[in-house]
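Below is one structure, written out as structure tokens; the observations come after it.
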Amino acid sequence: MIRRAAVEMFGGDDFFRVTPAGKKAAIENSEAPPKVSRSKQRYADYLYEDSCRPFGDWLKWKERQRRGLAL
């Protein structure tokens, strides 16, 4: 980590920046993300799309899209 003391642009506060070695260390020492079930991933995809459709209608639309039938 790099520290810049008393940076005027930040009102005299210290400024810290992560170095490439710090990023690498964080990645190497992080736990693997938890496994997500298919149903939870599907619901997360639904929430992410924010389609304003009810979940059941979205599932039907998604299936038609997967088959190449959706417009």
Side-chain angles (χ1 to χ4, degrees):
M1 187 166 273
I2 296 172
R3 177 182 176 212
R4 304 271 189 243
V7 178
E8 188 176 321
M9 184 170 86
F10 300 119
D13 290 341
D14 292 350
F15 173 77
F16 296 91
R17 188 179 67 137
V18 178
T19 62
K23 289 179 184 180
K24 182 179 177 187
I27 291 169
E28 290 172 352
N29 294 304
S30 295
E31 295 181 13
K35 298 285 182 182
V36 179
S37 69
R38 271 183 51 205
S39 60
K40 286 184 179 181
Q41 183 60 55
R42 184 174 44 230
Y43 189 66
D45 293 343
Y46 162 73
L47 293 175
Y48 180 78
E49 287 192 23
D50 194 24
S51 65
C52 298
R53 301 175 197 221
F55 184 60
D57 292 346
W58 181 85
L59 286 173
K60 292 172 190 172
W61 172 80
K62 197 69 172 175
E63 180 61 23
R64 286 193 311 268
Q65 185 183 41
R66 188 183 69 78
R67 292 182 181 185
L69 303 174
L71 298 174

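Predicted model, so just to flag it, every value in this text is computed and none were measured.
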Residue pairs meeting salt bridge (Lys or Arg N to Asp or Glu O under 4.0 Å), one or both in residues 44-60, sequence neighbours left out, come to E49-K62
Pair listing, salt bridge (Lys or Arg N to Asp or Glu O under 4.0 Å) test, anchored in residues 1-10, at least two apart:
R3-D14
Non-hydrogen side-chain atoms of R64 and R67 separated by less than 4.5 Å
no
In short, S51 meets Y46 closest at the heavy-atom pair OG-CE1, 4.3 Å
Identify, with sequence neighbours excluded, every residue that meets side chain to side chain contact (heavy atoms under 4.5 Å, CB included) alongside [X].
X	answer
V36	K40, Q41
L47	Y43
R42	R38, S39, W58, L59

Does atom CE of M1 have more than 12 heavy-atom neighbours, drawn from other residues, nucleotides or ligands, at distances under 6.0 Å?
yes
Name every donor-acceptor pair, under 3.5 Å, that has one atom in a side chain of residues 16-24 and the other anywhere in the protein, sequence neighbours excluded.
residue	atom	partner	partner atom	Å
T19	OG1	G22	N	3.1

